[in-house]
Amino acid sequence: QVQLVESGGGLVQAGGSLILSCAASGRTVSRYAMAWFRQAPGKEREFVAAISWSGASTSYADSVKGRFTISRDNAKNTVYLQMNSLKAEDTANYYCAADLNVQFRQILAMTHDEYDYWGQGTQVTVSS
């Protein structure tokens, strides 16, 4: 079992930045891919970014490419999402997810059913 706890959400003006953190406990996630998803009210949960176990491979949704950066610190069992140039349409609850099905996965999954552990989410609100 692993517990994921997100932090760093809040209210920010359009054009601003935030850094989200996802701290894992109960089990090391250093061998596994991790991802961020988001869900806005009335919308489906959507993929934002994913990172391989080593951090060498990353994947992003087209809507955030060039603005968001996913990274990880395996020594801290933590994954980050740096969000720059935020837009009103980035407003959502952001969830951290872990894919503990396969160790050292190189091809990153971008659908939520591939991830088996989820955090509670952290709210990001961007005012225009």
Asker: Using the ring-ring contact (aromatic ring centres under 6.0 Å, His included) rule, collect all pairs that involve residues 60-93, keeping only residues at least two apart or in two chains.
Answerer: none
Asker: Who pairs with E89 by side-chain contact (heavy atoms from CB on, under 4.5 Å), at least two apart in sequence or on another chain?
Answerer: K87
Asker: Short question: side chain of N77, backbone of V29 - any donor-acceptor pair under 3.5 Å?
Answerer: yes
Asker: Side chains of residues 108-115: which donor-acceptor pairs under 3.5 Å do they make with residues two or more places apart or in other chains?
Answerer:
residue : atom : partner : partner atom : Å
T111    : OG1  : D113    : OD1          : 2.8
Y115    : OH   : A109    : O            : 2.6

Asker: Over all heavy atoms of both residues, which pair between T91 and V126 is shortest? Give the atoms and the distance, please.
Answerer: OG1-N, 2.9 Å
Asker: Give, for atom CZ of R38 and atom CG of D90, the distance between the pair rounded to the nearest 0.5 Å.
Answerer: 5.0 Å
Asker: I'd like to know whether S71 forms a side chain to side chain contact (heavy atoms under 4.5 Å, CB included) with Q82, so could you lay out the CA-CA distance, the side-chain angles of the two residues, the decisive distance to 0.1 Å, and finally the verdict.
Answerer: CA-CA 8 Å; S71 61; Q82 170 75 51; over 6 Å; no
Asker: Under 4.5 Å between side-chain heavy atoms, counting indirect links through other Ile/Leu/Val/Met/Phe/Trp/Tyr residues: same cluster for Y94 and V79 or not?
Answerer: yes
Asker: Taking all non-hydrogen atoms of both residues into account, name the closest pair between N93 and Q123 and its distance.
Answerer: OD1-N, 3.3 Å
Asker: Has Q103 got more than 12 heavy atoms of other residues, nucleotides or ligands less than 6.0 Å from its CD?
Answerer: yes
Asker: To the nearest 0.5 Å, tell me how far L86 CG sits from S127 OG.
Answerer: 10.0 Å
Asker: For the pair E6 (side chain) and Q120 (backbone), establish whether a donor and an acceptor sit closer than 3.5 Å, ignoring hydrogens and angles.
Answerer: yes
Asker: List the atom of A98, the atom of M34, and the distance in Å for their closest heavy-atom pair.
Answerer: CB-SD, 3.5 Å
Asker: Would the distance check show the side chain of T78 and the main-chain N or O of K76 forming a donor-acceptor pair, the cut-off being under 3.5 Å?
Answerer: yes
Asker: Report the hydrophobic cluster partners of F104, with the cluster defined as I, L, V, M, F, W, Y residues connected by side-chain heavy atoms closer than 4.5 angstrom, directly or transitively.
Answerer: W53
Asker: Using a 3.5 Å cut-off and no angle test, enumerate the donor-acceptor pairs between side-chain atoms of residues 9-21 and protein atoms at least two apart in sequence or in another chain.
Answerer:
residue : atom : partner : partner atom : Å
S17     : OG   : N84     : OD1          : 3.0

Asker: Any donor-acceptor pair under 3.5 Å linking the side chain of R72 with the backbone of S52?
Answerer: yes
Asker: Are F37 and V64 linked, directly or through other ILVMFWY residues, by side chains that come within less than 4.5 angstrom of each other?
Answerer: no
Asker: Could you see if W36 belongs to whatever hydrophobic cluster contains L4? Use Ile, Leu, Val, Met, Phe, Trp, Tyr and a side-chain cutoff under 4.5 Å.
Answerer: yes
Asker: Does I51 share a hydrophobic cluster with Y117, counting links as ILVMFWY side-chain heavy atoms below 4.5 Å and allowing steps through other members?
Answerer: yes
Asker: Report the residues that fulfil side-chain contact (heavy atoms from CB on, under 4.5 Å) with R27, sequence neighbours left out, ordered by chain and then residue number.
Answerer: V2, Y32, L100
Asker: Taking all heavy atoms of Y95 and all of G119, pick out the closest pair and write down the distance.
Answerer: CD2-O, 3.6 Å
Asker: Mind checking the OG-CZ spacing from S57 to R105? Nearest 0.5 Å is all I need.
Answerer: 12.5 Å
